[in-house]
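Presented below is the structure to which this report refers.
Because the structure is predicted, anything quoted here is derived from the model rather than measured. For reference, positions follow the sequence shown, starting with 1. Note: hydrogens, waters and symmetry copies are ignored here, and every other heavy atom, side chains too, is used.
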Amino acid sequence: MTGLLVDNIGELVTNEAGRGEAGPLGIRRRAALLVEHGEVAWVGPAADAPAAERRIDAHGAAVLPGFVDSHAHLVFAGDRAAEFAARMAGQPYTGGGIRTTVGATRAASDGELRATVRRLRAEALRQGTTTIEIKSGYGLTVADEARSLRIAAEVTGETTFLGAHVVPPEYANRPDEYVGLVCGPMLAAARPYARWIDVFCERSAFDADHARAILTCGQAVGLDVRVHANQLGHGPGVRLGVELGAASVDHCTHLTDADVDALASTRFDCTCHEGGHTRTVATLLPGAEFSTRSPYPDARRLLDAGVTVALATDCNPGSSYTSSMPFCIALAVREMRMTPAEAVWAATAGGARALRRDDVGVLRPGARADLVILDAPSHLHLAYRPGVPLIRQVLHNGVPR
Ligand SMILES: [Zn+2]
């Protein structure tokens, strides 16, 4: 007899379409789930549960896949609480504060950066995030980008090289030269620690030509593409991401019909989700709109066009200093007219799609045993009871935390 049985689950969200009740969440009632060797070994009715070495009684609560936060900037020093206060007092957000964090990050020791990454990773885990993507982007020198990724890689396999976050002040009038640095020595130094490459494609950061050059260089050395796109205004980022086969275009706050059509054109059929998926996911980051007091992205327009949507925190010290996926779910439901089921799916399976992962964000045999037990009978409570600590217990790789 081996394994760990999570028993007496009132509502099990599997994200396996067509397996449980109708809808994207594949809900099973009165279920149990067996964990062996860090993986889900069996899912079925509680009445049929196999014997196991250990047992967790969920007491009728809801159990969900652990959250997949596919967009976070955790490697930084200092905070920008004063900037936040100024913004709440009426100053607009321009993205310029990134340079403040760059200065603090460059001045920090490895130990300080590591402590911040670990503190925030632990904070996210307590709130149910079992997979997290972490970007560089506050170093912006060869050495500082490489060490940011090295430190991020200590806590996650989903690391993203974002040397093209902004043009650092010392290159202010020489953006071409900075792009050359990013594509050359910086990419070479970052490559051993990175899975993804990303660019902040925005009027105040990198234009389409620079963004295309950087992303293409990353692809040439085996990095996969994701893009910060269309956050502060209309622009070429989303269509560039689609053109380059990006796994995800992130923010998507200001979209034209052509942007939505481009995303929808990447749809393909699959057995895992009714209506298929889009190869390029739209990752929405409502924490950023909340924290910058900006209009939210139009999630309904994307969903109604058949675009796959993910939700993520964008956790960073400037524009969204939250690590809470439940908070983002609540915002998506209240402010972006996503249904609770759509929001929960986007925060779990959607995030997995945005990272091109099929072993997380889902609870089926063979998937990683990453799950959360809520202090609530249903996933609905994540939006219905905002701000309440509803994560009773987290299993990460099958290990209770
Ligand atoms: Zn971001």
Side-chain angles (χ1 to χ4, degrees), residues 69 71-108 112-113 115-117 119-120 123 133-141 144-145 147-149 151-152 160-175 178 182 186 198-207 210-211 226-233 235 237 250-254 283-297 312-324 327-328 331:
D69 186 352
H71 186 135
H73 307 248
L74 304 190
V75 193
F76 63 84
D79 72 33
R80 280 152 53 196
E83 178 191 313
F84 175 78
R87 202 160 58 231
M88 292 305 108
Q91 287 182 18
Y93 178 68
T94 61
I98 292 171
R99 291 182 182 86
T100 307
T101 300
V102 170
T105 304
R106 288 175 176 176
E112 288 169 300
L113 295 180
T116 296
V117 168
R119 174 176 62 81
L120 293 171
E123 183 182 281
E133 181 263 15
I134 301 179
K135 301 172 194 302
S136 67
Y138 293 118
L140 311 187
T141 67
D144 287 312
E145 285 296 296
R147 75 165 175 155
S148 295
L149 287 162
I151 290 166
T160 301
F161 171 44
L162 181 58
H165 199 183
V166 290
V167 175
E170 65 272 23
Y171 283 90
N173 301 313
R174 301 175 290 149
Y178 184 67
V182 171
M186 198 183 281
D198 190 349
V199 170
F200 192 24
C201 184
E202 201 76 48
R203 208 184 303 259
S204 57
F206 295 88
D207 65 21
H210 283 156
R226 40 205 326 106
V227 186
H228 277 72
N230 303 53
Q231 176 188 5
L232 304 176
D250 297 29
H251 285 290
C252 295
T253 311
H254 298 272
T283 298
L284 309 182
L285 308 166
E289 278 76 32
F290 176 86
S291 300
T292 59
R293 199 176 272 150
S294 303
Y296 289 90
T313 63
D314 196 17
C315 184
N316 78 82
S319 58
S320 182
Y321 201 6
T322 180
S323 57
S324 172
F327 175 63
C328 294
L331 286 182

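Remark: Ser319 OG to Glu83 CD distance equals 8.5 Å, nearest 0.5 Å. Here the straight-line distance linking atom CD1 of Ile134 with atom NE2 of His71 works out to 12.0 Å at 0.5 Å rounding. Of the inter-residue distances, the one linking Ser294 atom OG with Arg87 atom CZ reads 8.0 Å to the nearest 0.5 angstrom. In this structure, CD on Glu123 lies 11.0 Å from OG1 on Thr116, to the nearest 0.5 angstrom.
Heavy-atom minimum distance, Tyr138 versus Thr105: O-CB, 3.2 Å. Of all heavy-atom pairs between Ala72 and Glu133, the closest is N-OE1, 3.1 Å.
Residues Glu289 and Thr253 bring a donor and an acceptor atom of their side chains to less than 3.5 Å of each other.
Tyr171 carries Arg174 over the face of its six-membered ring, with the cationic atom under 6.0 Å from the centre and within 45° of the normal.
The shortest distance between side-chain heavy atoms of Val166 and Ser204 does not fall below 4.5 Å. Using a 4.5 Å heavy-atom threshold, the side chains of Tyr178 and Met186 count as touching. A heavy-atom distance below 4.5 Å is found between the side chains of Phe161 and Val182.
Counting heavy-atom neighbours within 6.0 Å of Arg203 CZ, excluding the residue itself, gives a total of 12 or less.
Within the 6.0 Å centre-distance limit, the rings of Phe327 and Phe290 are counted as a close aromatic pair.
Shown here are the side-chain hydrogen bond (donor to acceptor under 3.5 Å, both in side chains) partners of Thr322, two or more places apart in sequence or in another chain: there are none.
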